[in-house]
Structures are given as structure tokens and as C-alpha cells.
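In what follows, chains are A, B, ... by sequence order, proteins preceding strands, each numbered from 1. The model shown is predicted, which means the values in this text are computed figures rather than measured ones.
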Amino acid sequence: MTASKLASRSTLFTLLAGLLLVVLIGWRIAMLGDYTFARIVQDFLNALTLGSLYALIALGYTMVYGIIRLINFAHGEIFMLGSYFAFYAMTLTPMHWGLALLITVLLGGTVLLVLRSLFNLEEPKRTAALALLIFAGTFFLLAFRNMGWIEALLLSMLATGVAGVLLEAVAYRPLRGAPRESMLITAIAASFFLQNMGQLLFGPRVQGFNAETILNRPLNFTIGEETVYYTGILIVVPTVTAVLLFVLNLFVSRTKLGKAMRATAQDAEVAQMMGVNVNQVIALTFFIGSILAAAAGVMYAIRFGQIHPLMGLIPGIKAFTAAVIGGIGSLPGAVLGGLLLGFIEIYVVSLFPTLSAYKDVFAFVLLILILLFRPSGLVGEDLTEKV
Amino acid sequence: MPLLELRNLYKAFGGLQAISNVSLTVNEGEIVSIIGPNGAGKSTLFNLITGVYQPDRGDIIFEGERINGLTPDKVTRKGIARTFQNLRLFTHLTVLENVLIPQHHRLKSGWLAAVLRTPAYLKEEEEMRKMALEKLSFFGPRLMSFRLHQPVYVLSYANRRRTEMARAMATGAKLLLLDEPSAGMNPKETKEITQIIRRFRDEGGYTIVLVEHKMNLVGEISDRVVVLDYGEKIAEGDYKDVVNDPKVIEAYLGRREE
Amino acid sequence: MRNTLLTLATVGLAILGLYLLTQAEGSSGLLSALTLIFIWGIAAVSLNLINGQLGILSLGHHGFMLIGGYVTALLMLPEKERAPFRTRLLSDWARNHLDLDKWLRGAGLDFIANSIDLKFVVALFLAGLAAAVVGVIVGAPSLRLKGDYLAIVTFGFGEIIRLLPNAPEVAALTNGPLGIKGIPGDAGTVWWTFFAFLFVLWFLTRLKFSSYGRAFEGIREDEIAAEAMGVNLAYHKVLAFTISAFFAGVAGGLYASYLQSVDTQTFNFFVTFFLLVAISLGGLGSITGAVLGTAIVVLVRIYGGFLEKPYPAYVGYLGGAVVMLSAFAFSAYIRKARRLRPVVETKHLIFGALGVALLLVTVLFRNEPWMTQTVQFFGLRKILLAVILILIMIYRREGIMGRAEFSWKLIFGPREDIPTEEQRKQDAWLSNPDLNPDAAKKEDDDASA
């Protein structure tokens, strides 16, 4: 069977599946007497939030896979680290200036060392300014401010980005060129390592995350006779996500580094021959992916009010499923997949409450089906592996 | 009835027409060589015959039976075996294991019988070993004795090629498709391989189709030569006739500026 | 003949040793450890069949073990444990119908029903069968997918199987998250597991050194070549999964008997990870390696408990410092030995810096209250296992044994792959023109051609 025939067959399958879904939903809405407009709106808002969170995490998976063909099993743990870093940022600050200095040096130092290409030595003034900003800002926040959620978010993003870069350097880089199964096994090991390190350092119990009251103050409104439960976080998440996506898109399509990333994703060897520092690009990819996951982690923590060291497992799998649905390796695919998964999850539970126990099973089933019948996802190119 | 018959085969990859209206007949006991410039579609033809690709149009008929659409393992079981241009040995397995695996499909005992080592299974193992040694003996004592138990990756290149050919024979096939059997061999080894291929046919009863670039080899053993260029058959016949055919010369060397 | 005698002698010695151990005082800890080595050993060699011999990364093994565990539990649950107050969610149907006793007596096989050991044999066999059936389903995608995508699909299956017993509809059979308690522990003793382990080793070794085992390894080496040599990929891949799943189910049943209870947390993804470390450490593709690796990993798990006892906090900081600095030293040494450049990379410097920092912190703040309070490092053993796996992947992917197996030939000979003096001379003679007149003649021919 030719490649094009296979592609159109899986497209047909996808369209049929989509049609089936729509019919199912329509029928179900008709059957449920009490599915009011208010509930539609409620579910929509929840789904948008959840979907945005999945999208942010999925982007990390898809970017890393696109560039080194690795399924970063440990990405869920990066997400978890983001939440915890923000938590400690908010609860431990202001801290002793010595400790603040130590952390600043370690963080800033690692960023400088590993992301040298971000700091272009040809423009010393800009480099120095950027470095100074990062160092001074970090130190100031750590030593003198009782951090609020926005500052914690930013700092957590930086710290988690560094963590992601370290993960790549220590665990994945030595396996560059190894068979993919070996890299996957290493990723799994890294995932377990981080989970248990988290339990060791942060304590195994669930930790309450006391978000800013401003975000959790109810902004309920009514439609008809029903209240739609609404808090600030339901605005913040989609907004922050949209901003991050916009910046990411700008970076990837307009800057030189972004172009280098796209080139490396297409063909790392040739990119290297064209003068791209592939190591730096890969480190940068992990950095960006981790930043996004951290943002998701912080917002997830605010939304659901608690964090624990194993919180990355299930969202990680779901985000990975989302990335595969959208088409692994494709950035818009990851966003599409994330939103889609969020909507499916919320609406299925809302429309079929008896199925809520099967929520997680459903995610795995979807993952298997997609990998078997449409591995390229919705947006990705058809990459049925040629023998 | 010819052993192998290709009727009007077509195969395209995307926009590239790799094989275009190729027809060929191979009779039992013949040695047919397929030559042509690089990219002419010779390996593609082998892939079509062995089931790695399916033809877009046309038929492949082996022993009177249409074998389009069969998977490679089924094609092998029908009686067609091949070697690979770039060698695809089971690198970390021993020479003996490499020559035993192709016989596996003829095993009548099931896996449980194998585990339990029933007498029937043990007899079959014994026969497989005998056949393995028989096929390897085509190459003299080289691959017997201690080399049998050495992993293939310690072998020299020429020995690896020989192992690959022994492997193809061990499948129990009637028709051997040899893809550049003398690639990477020096003149002495090439000469040896030429004799061996002839012995395959004379003593082993195999029918052989080979793809080759070395014209002296082709000239020495071929009953017939087929020339492919850009996926089309442009000449067929005796070596001497084909080699002097102006179309063939043009394919290889280009046309002489007048 | 000699090899068989040697093997039988070793087995005899092992049985003797085991017997003496059971009679010895205070050996219960060691016996417990051995039991676990046997149980996990069965699971590991069965996983090795797919991951090592067939060459397909499968991450769903815990699912097969779970099925085996639950089936064994349901079949062997004695009458009194089926009473409503114990197994609340277990449905009446399950309580009344999933009773092996009833089946056997109904079929007139009273002698089996009366012997708990024989009953267990039947139960374990059925457990393995159930797992094998699922193995066919999990193995099917291997016909279509390869590499890491396939691994993720097997992982998905494993997790689905793990989540199912909690689902409301299925809980009627499985008692939901409460699990099933009160399973008879007869099959979880050291003798049972020992003989089961021996049987599995015998079976899988026989399989490996048969034509089918060779077919599996051919698929691992080069799937396309294997197919071209007549090996039916679909059949053999599914066969490997089925057999592997069968024995995983048996191991799951044995473990259920050992613990005398099962629930959905007994067989989670950590189990697969644990087995993965075991076979990677031992050597992917080697049965001997799988056993060795399992032994090491189980011993770490059981005897590593001292790591997780309460210690004053500064021990943690000091320990961290030691680990970081030795990691730095180790990687510098390895890179020097393997002639890698640069000898010290940025990340190694970070390790070193962190090590020094931790050391300084320990020394400077030795007497601060937050240094002397007691802490416990839970999960350190799991961390250790994860680190071991990462180190293996980076520095010695083939593990301890690689693909080699233990064989009496290695100790007592003969070594068939090393040429004797005689054979070497013959081999040299073949290609050396000074010695071989035929070779010389051929060269002359070529020179004049």
C-alpha cells in the first residue's frame, strides 16, 4: 500500500471517529434533560482551563520529541517541580541573604554556562544587561520579597528551566546516538528518580497550596437561574497560556535561535554542518519546554489547591496523549491536542457522569488507539514507519 | 513452464517511476544477470520479487503461481531466497545460527515440542545441522570447524558474504537472487565466487538471478544478461550481444558526440 | 552428558543447601529474600524473553502479573474468606462461581481438590493462561509498531489493566481498591517458589536454545533479514508475548500467595521498572543475567533498609556531598580511561561544585538545630535503583553478562569457537600463497588476466 493510500485511510478513520463523537454528544445532550446553557458555559470555562494546562505540558513533550526523538517520560516530574519551586518561593521568602546568594549563583551560573548562545558575546552590552537582570532580579526576589504568585511563577519558571537543562545534560546527552529504546528506559529511570527525590525532599504527603485569595475569590455569575462558578484562575490560565504561546511562536518563527531549533528538528546533522551549535539548541529546547511545564505546574497548583510529589504522573500521561493526538513534533498540534483532550475530559464526565471512574483508563485507551491507527496525529505528517 | 515470470511490472515511489513495464522470464537451471547503471532499479526489482514492495501493476509468477502480495517470509517459503546488497546478517549470532535460522520455517515441530525435545524435534534439529554444514561446505573448510561458533561480527568481509549466501541456500529455495555477490571482493575472491556460483547451479541445482557490476563475472557465468536503465528493460540476450548493443553503451557511457 | 550431570549435581546441591537453610535458626529473613528472588526471577526471565531475546521493549509486564495474581486469588480464596464481611464488593456471582474447589469436585477430580498443592498448580496454570490470553492482545500491536511507540502502547496496556480492577463494573470480581485478602500462602513458600523457578528456568532455557529461540534472536538482530529468511514475524512475536505473559502470570500468582493479599497497588508500574533494572543490570538477552540482576536488585531492596532509617540531618548533607564528589571523581576517571575529551565537562563541574557546597554547609553549620534534628530518607532505595539504571544505560548498556549465558563449557571446555593450533594452521594455509600452492596459482592467474 502506498504511503498516500495509508494516509488517506487514517484520515478517513479520524473523520469517522470525529463524526461519531459529535453524534454521541448531540444524542446525549438531547437525552439529558437538565443540560442547560449555564452548564455548557461552566463546562466550557473549565475545559478551556484544563485544556490550556494540558497544552502547556504537551508542548514540552512535543518539542523534545521533535528535536531528539525522545519521549521525555520525566516531563511530568518537571511539571511537579514547577509547582514545588513556586510553593517554596512563596513560603520561604524572604530568606537569609547567604542562602539567597547561593541559589542565585547556582541558578544564574547554570543558565549562563549552559545557554551560552542566548548570551551573544558579540554584543557585550546586551549580554551583560541580560545577565545582570537575571542575577539581580533573582537575588532581590529571594532575599527581600515575600513573593506573590506572579513573582513565584517567574522564579519557578527559571528554576525549573534550569532543572530541565540539567536533566538533559546528565541523563540524556550521554545517550545521544544510542538506540531510542535505551533513551526511553533512561527517561523512565529519570522519572522515578525525580518522583522519589521529590518525596524525599518535599515529603510524601499532599501539600496544601494556598493560592492568592485574589485568584480564588469567587466571581460567580448567573445565566438564567443557574450560577456559573467562576474564579480568577479561570481567566488567568487561558490568558497566561495565550501569552506564552504568542511569545513562543514569535521566538520560534522570528529569531535566529528559533530558526536553529527548527533546523535541528528537521535534520540535526545537517544543521550542525551549517554552523548550528546542536548541543546548545537541545539544551534550549529543554529549557523552554520546562519553562512551559513550570507555568502549567504553578497554575495547576493554584487551580486545584494542592501539590504532591506524584502529581506529575497522570497529567504527564494525559499531556503526552494530547501531544500524540495533535501530532507529536508539531507545536500547533500539541496545543490543539491539549485543548481537545481538556474538552473531551470535561464534557465526557459532564455528559456521562457514570463514566467518571474511567477517566484515566480512557486517556490510555485513546493513546493506544491513536498510536495504532493514526500515529501522525491530527496535524502531523504521516510518518507510518517504512520498513 | 518457466520458473519465474515477471509480466509488465510497474512500481512507482511518489513521483519516481522506479520500474516501468519490465517483463522477464527465468527458466529452471539458468543463471541470469541483471546489469545497469546505478539507480536503474535492480534492487527494487529484487524487492518486488521477494515481497518487500508490492507492484503497482503487473504480475509475478513463480512456478505457475501468482505471488503478488505475499509477505517476504511467505515468498521465501515458496522457494525464492535472496542476499542483500549491504549484507544483513544476524551480526551477534554465530555462523551456525545464521545458517540454521533460515531452515526454521521448514520445522514441523511446534514450540512446545521444541522445548520438550521430542525425538521428532531432535531429528529435525540434526537434519538442520547437517544441511547447514552442507551449504557451508560449498565454500571449503573456511566456515566450518571453529568459525561455525564464532559470532559473525568477527568474520572478514569476504567470509561474511559467503555466510550470507550459505544462508540464502539454507532456506531451501530453488531460486536464488544474489544482490551484488562480489561487492567488496578483490579479484582473487571474485574469481572464487564466480566458480562457486557456477557450482551452485551445477551441483546444487539452483536457478540464479544476479545483480552485478563486475562485467568479467557477468560474462563468465551468465546464460543470459538483462539490462535495466531508469526502470526499463533496454536489452536482453547473450553477454556478447548485450555488451555491444549501442543502447546499452549509451546507458553506461552516454552518447558519443559526433 | 557431562554437562547434564554437572547441572543435576548443582541442582542437588542447591536443594540440599536450601534444606539446611530451612532448618537453621534465624534464617527466616534469608529465606524470605530467597523466595522473593525466585518469584521476581521468574518475572524477570519472562520479561527478558521479550525485551532481551526478541528485542522488543515491553513496559506492560506488571499488567500480566496483576492478572495472574488476581486469578490465583479468586480461584484459591477459601470458603470463609468469601463471606460478605470480608470481601464487600465482591459480587455474589464471583463468590459462588469462581471457586476452584467446586469446579474440581464437579469434574470428579476430588484428589486434586483435596490437596492444596495440586490445587495451586491448577490455579497457577489457569492464572498463567489468563495472562497469556491478554498477552496475545498486548502483543498484537508489535506487528504494526516499532521501538518507543510500541513501548508506550505496552505501557498503556499495563496501566489500563492496573486501573481496571478499581472500576465499578469490574470491582464485582476484584473487590475494587480493597483488594482480595486471605489468600492461602502455601504457594508462597520458599520450596514452592524454588521449584517453580527451576521449572521456568528449564523451560525458557530449552526455548532459547531451540530453533524458536534462534528465530526470536534473529528477529532481534534484523527483522527484515529474518523475514527474508522465512521467519513468520507475526506468529513469532505474538508467541513470545504469549509465553512471556504466561510466566508473568504465574509469578504474579506466586507473589499473591506470598503476600496473601492482592490489590491494585501490588502490581503497579514500579514493578515493571524494578524488573527492567534487574534485566538491564544482568544483561538484556541473557537468562543467567536476568537471574543475577534480580538477585542483586532484590537484595538491595531487602537489605538496603538501613539507608532509610532515621539519621540526624547532617548525615544527609554529608552523604549528598560524598555522592556528588564521588560522581565527579568517577566520571573524570571513566572519561580518562576511555580517552574521552573533554575529561571534565560543564555538568561534571556542577556536580563537583554542588558537592563542595554541601560539604561546606555540613562543616559550617554542623551544630545548627536544623542540622541535628532526625530525618528519615524514605524512598532512598528506589532512588538508588533509578540511579543504577541510568548508570548502566550510560556506561555499560550490555549489563553484567551482555548476551552471554553461563555454560559448563566456559569452565571446563571445550571452547568450540577458539581454533586449536591445528585449525589455525589450516585456516592460514588456505589463504597464504607461500603455503598453499593453489592460492599461489590463483594469484598468478589474476596477475596475468
| query | chain C heavy atoms under 4.5 Å from A:F320: which part of the residue, side chain, backbone, both or neither? | reply | side chain
| message | Looking at A:R69 and C:D148, is any side-chain nitrogen of the basic one under 4.0 Å from a carboxylate oxygen of the acidic one? | response | no
| With a 4.5 angstrom heavy-atom cut-off, which part of C:F378 approaches chain A: side chain, backbone, both or neither? | backbone
| task | Report yes if the distance between the aromatic ring centroids of C:F351 and C:F328 is under 6.0 Å, otherwise no. | result | no
| So which of A:V170, A:L200, A:T321, A:L184 has the biggest tally of heavy-atom pairs under 4.5 Å with chain C? | A:L200
| query | By a 4.5 Å heavy-atom criterion (distance strictly below it), what part of C:I392 contacts chain A: side chain, backbone, both, or neither? | reply | neither
| said: Quick check on C:Y395 against chain A: is it the side chain, the backbone, both or neither that has a heavy atom closer than 4.5 Å? | reply: neither
| query | Given a strict heavy-atom distance threshold of 4.5 Å, which part of A:L106 is in contact with chain C: side chain, backbone, both, or neither? | reply | side chain
| task | Give the ring-plane orientation class for C:F269 versus C:H62, where under 30° counts as parallel, over 60° as perpendicular and anything between as tilted. | result | perpendicular
| Result of checking A:I317, A:I188, A:I368, A:L367 against C:F155 for side-chain contact (heavy atoms from CB on, under 4.5 Å) | A:I317
| query | Which bit of C:I388 comes within less than 4.5 Å of chain A, counting heavy atoms only: side chain, backbone, both or neither? | reply | neither
| Presence of salt bridge, A:R176 and A:E168, under 4.0 angstrom | yes
| task | Examine whether an atom of C:L276 lies under 4.5 Å from a heavy atom of chain A, and if so say whether it belongs to the side chain, the backbone or both; otherwise answer neither. | result | side chain
| Regarding C:R162 and the six-membered ring of C:F267, is the cationic atom NZ or CZ under 6.0 Å from the ring centre and inside 45° of its axis? | no
| task | Below 4.5 Å from any heavy atom of chain C, which atoms of A:A178 appear? Answer side chain, backbone, both or neither. | result | both
